[in-house]
Amino acid sequence: MSFSDLGLNPKLLQAIEEVGYTTPTPIQEQAIPYVLMGRDVLGCAQTGTGKTASFTLPMIEMLSSGRARARMPRSLILTPTRELAAQISENFENYGKHSKLSKALLIGGSSFADQIKLLERGVDVLIATPGRLLDLFERGKIMLVDTKLLVIDEADRMLDMGFIPDVEKIVSLLPPLRQTLFFSATMAPEIKKLSDKFLSNPKEISVSKPASTAVTVEQKIIKINGDSKDKRDALRKLMRDEGDILSGILFCNRKKDVDILNKSLNVHGFSAAALHGDMAQSSRTETLELFRDGKVKLLVCSDVAARGLDIPAVSHVFNFDVPINAEDYVHRIGRTGRAGRAGKAFTLAMMEDYKSLRNVINMIGSDVPVESLEGFESWTDEEAEANKGRRRKRPARSDSAKPSGRERPARRPARAASSEKPAVEPEKAEIALVETTTTERPERKTSAAADRRTPAASRRRAKPSATIGEREPSSEPSNPTSSFGDHTPAFILREAKVA
Ligand code: AMP
């Protein structure tokens with residue numbers, strides 16, 4: 001099948017040709033005709049399948065006739081993160097370049113005044129994160145009564161991030177007679193329930209089994225026994241062994257660890273930059289540009305920041321931490337192997353990650369190889385089971401029974417990896433890195449939105465949840481000392497004089 005068989009207009013076909021697509025992907029082939037028919041669509045598709053074009057292309061086709069009125073957008077795309085919103089907006093620019101459609105991107109961290117100006121001119125396509133959209137609605141800058149086409153993208157992530165009440169509120173502001181396209185990488189029962197609420201008689205399309213990973217990604221799990229310094233050593237060895245890392249994304253569960261790993265890689269001569277939800281939007285955008293342009297080879301980030309990133313050249317994904325939420329694994333490794341390209345995904349697993357690792361393996365299937373790394377201590381499931389519930393003590397640096405990666409003489413491998421640049425005394429600088437020894441919350445997936453929150457959403461977030469914001473055991477083993485240990489200071493033994 002070709003794009004011209006899908007019933008798209010010549011201007012759109014020209015833009016598609018200029019972008020370089022020759023054949024529609026399965027989700028495009030299946031979804032586009034139904035969207036053009038005006039049907040609601042429930043799409044279960046992971047990132048990298050061409051899902052974005054499956055709704056942007058028919059939207060451009062449908063919106064090419066008619067005009068938008070001031071403050072009354074004709075269509076709305078809701079996405080969980082700013083990065084994803086910006087990416088969808090870029091898609092509209094590419095595919096709609098011969099179609100003269102007006103669009104506005106309403107995301108947190110950008111100027112209200114510019115967004116209001118655009119809304120006042122009238123927009124055909126509004127791409128928004130829920131918080132900022134509600135903010136503008138409450139300020140009376142936007143009306144949704146004319147929005148007859150709604151897209152909810154990455155619904156599973158909306159749920160994870162606690163955005164569903166905001167989404168429900170937004171949907172209630174739209175006309176009941178509308179077309180709704182609802183996409184999610186996974187179809188958990190809550191997602192299905194939501195889709196039943198928002199959609200009417202939808203065409204269900206599933207392009208791969210829920211929560212499956214792309215076949216073009218070669219995956220490996222590497223077990224490491226040691227502390228976080230060993231883990232960083234192991235990561236560097238892994239990257240050097242790989243040699244030809246064109247560009248790689250490294251995931252940490254915590255923002256603090258994103259910063260530590262980024263600093264560590266830089267002192268060891270790698271070309272790396274950090275990206276997480278606490279950074280100002282301007283520096284997030286700048287870092288992404290540098291990475292996209294190949295000026296930075298490695299992007300160290302959290303799940304929030306990396307959600308939906310579409311950078312076709314990403315050759316490797318490294319999970320520095322096993323994701324706490326197993327479904328994040330699918331999203332993380334979906335950053336590589338995009339649109340049929342080959343990609344590699346490595347996951348470093350420590351003994352304390354046993355439970356999370358088991359969840360990931362249960363989800364993706366047990367045929368992913370689990371290996372050890374030459375020169376580094378590994379661990380077994382039996383050891384992890386025996387260790388369960390016990391807090392691991394940080395191994396004494398000088399007398400650990402088996403030499404760990406850290407204790408071996410520092411390797412000085414040839415700087416063959418394209419991601420490396422000359423280092424300046426990395427071993428010394430590494431020692432100076434701030435080591436985290438306390439328990440830290442994994443990055444809240446909500447932080448993508450410095451976007452406004454509803455009080456209900458804030459209340460909900462304050463409660464611990466099973467999947468997000470959960471306090472996890474520290475990845476750094478602690479070494480608790482109670483009282484004074486074996487040593488009793490002299491002042492305690494001194495006789496007390498009572499008047
Ligand atoms: P998505 O799943 O929407 O994030 O898209 C993943 C990647 O596939 C993006 O880099 C798109 O530019 C690319 N893509 C989308 N549709 C096609 C197509 N028909 N042929 C080739 N690449 C495509």
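Residues: numbered from 1 along the sequence shown. When a ligand or atom number is given, it counts from 1 through the structure's own listing order.
Less than 4.0 angstrom separates some heavy atom of Thr49 from each of these atoms of ligand 1: 2 (O). Within ligand 1, the atoms closer than 4.0 Å to a non-hydrogen atom of Lys51 are 1 (P), 2 (O), 3 (O), numbered from 1 in the order shown. Shown in contact with Thr52 at under 4.0 Å from a heavy atom are these atoms of ligand 1, numbered in order with element: 1 (P), 3 (O), 4 (O). Near Thr23, meaning under 4.0 Å from one of its heavy atoms, ligand 1 places the atoms 18 (C), 19 (N), 20 (N). Atom numbering of ligand 1 starts at 1 in the shown order; those under 4.0 Å from a heavy atom of Phe3 are 19 (N).
Any N or O atom pair closer than 3.5 Å counts here, and Gln28 shares at least one such pair with ligand 1. Checked by distance only, ligand 1 and Pro24 stay at 3.5 Å or farther apart across all their nitrogen or oxygen atoms.
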Practice item. Take Glu138 and Lys169 through the salt bridge (charged side-chain N to carboxylate O under 4.0 Å, His left out) test and state the conclusion after the steps. Key: CA-CA 12 Å; Glu138 277 156 19; Lys169 166 111 201 269; 3.5 Å; yes

Check your understanding: Would Tyr329 and Gln219 count as a side-chain hydrogen bond (donor to acceptor under 3.5 Å, both in side chains) if you check the C-alpha gap in whole Å, the side-chain angles of each, and the deciding distance to 0.1 Å?
Key -> CA-CA 11 Å; Tyr329 180 87; Gln219 303 167 62; 2.7 Å; yes

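Asp321 and Lys231 are joined by a salt bridge, as a carboxylate oxygen and a charged side-chain nitrogen come within less than 4.0 angstrom of each other. Here Arg332 pairs with Asp303 in a salt bridge; the nearest charged N to carboxylate O distance falls below 4.0 Å. The pair Lys255-Asp259 fails the salt-bridge criterion, with no side-chain N (NZ, NE, NH1 or NH2) lying under 4.0 Å from an Asp/Glu carboxylate O. Between Asp146 and Lys148, at least one side-chain nitrogen of the basic residue sits less than 4.0 Å from a carboxylate oxygen of the acidic one, meeting the salt-bridge criterion.
Between Phe346 and Phe318, the ring-plane angle classifies as parallel under the 30° and 60° cut-offs.
Contacts of Gln87 with ligand 1, taken as heavy-atom pairs under 4.0 Å, are absent altogether. With a 4.0 Å heavy-atom cut-off, ligand 1 is reached by no atom of Phe183.
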